[in-house]
Amino acid sequence: MFTGRCLCGAVHYSSTGPALFSVICHCRDCQRASGSGGVPVMGVPKESFVCSGPVKQSRTTGSSGLPAVRNFCSECGSLLFGTPESAPQMVTIYAGSLDEPMSFSPQEVLFAGQRPAWAKLAAQLVEHTAMPGQRGASPSDA
Ligand SMILES: [Zn+2]
Ligand SMILES: [Zn+2]
C-alpha cells in the first residue's frame with residue numbers, strides 16, 4: 001500500500017500497488033516542472049490509485065509525442081503524480097510525495113544524457129541516455 005499527500009495536506013492519494021517500475025527521470029521537462037535535477041517516479045496500475053482533493057493538471061508534449069500530464073495540488077503547488085496519455089493504464093507517482101519515501105526503490109535512470117553532474121545519485125542504477133525502447137510496463141512519459 002502506498003499513500004502520499006501534498007505539502008499543505010489538501011490532496012491525499014493512495015495505491016494498493018504493485019510498483020510497476022521505479023526510476024529517476026532526468027528529462028528537461030521533469031527538471032523544469034520540479035525545479036530540481038530529476039524526479040523520482042514510481043508507476044502503479046491506474047485501477048489501484050485513488051486521489052482526493054483539489055488537483056490541477058499541466059500538459060506538455062512528452063517524448064512519446066502524446067501529452068504528459070503532471071498533476072499538482074491547486075492550493076500549494078506540490079507536484080504529486082503523472083497521468084501520461086501514452087500509458088493510460090498507469091499513474092506515475094512522484095516519490096517525494098509518498099508518506100514513506102523509503103518504500104521507493106529506484107532501479108533505473110532515464111534521460112541520463114540530460115542530467116546535470118550535480119544530480120547524479122550515489123546508488124548504482126541502470127542508466128539510459130534517453131528513453132529506453134518500449135518494454136512491457138515501461139513509462140514513456142513520466
Ligand atoms: Zn497542497
Ligand atoms: Zn521526465
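We count ligands from 1, going down the list as the structure has it; atoms in each ligand are counted the same way. Only heavy atoms go into these numbers, but all of them, side chains included; no hydrogens, no water, no symmetry mates.
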Asks: Name all residues meeting the side chain to side chain donor-acceptor pair (under 3.5 Å) criterion together with Glu75; count only those two or more places apart in sequence or in a different chain, and write none if there are none.
Replies: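 For Glu75 there are no side chain to side chain donor-acceptor pair (under 3.5 Å) partners, ignoring immediate neighbours.
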Asks: When you draw lines from the Zn ion (ligand 1) to SG of Cys6 and to SG of Cys8, what angle lies between them, to the nearest 10°?
Replies: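 An angle of 110° at the metal.
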Asks: Could you tell me the angle subtended at the Zn ion (ligand 2) by SG of Cys30 and SG of Cys25, rounded to 10°?
Replies: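 That angle is 120°.
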Asks: State whether the side chain of His128 and the backbone N or O of Ala112 hold a donor-acceptor pair below 3.5 Å, judged by distance alone.
Replies: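 Checking the backbone N and O of Ala112 against the side chain of His128, no donor-acceptor pair under 3.5 Å is found.
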Asks: Main chain of Leu80, side chain of Asn71: is a donor-acceptor contact present, judged purely on distance under 3.5 Å?
Replies: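 No.
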Asks: Is it true that some N/O/S atom of His26, main chain or side chain, lies under 2.8 Å from the Zn ion (ligand 2)?
Replies: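 So His26 does not bind the Zn ion (ligand 2) by this criterion.
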Asks: With Arg5, which residues qualify under side chain to side chain donor-acceptor pair (under 3.5 Å), at least two apart?
Replies: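 Side chain to side chain donor-acceptor pair (under 3.5 Å) list for Arg5, sorted by chain: empty.
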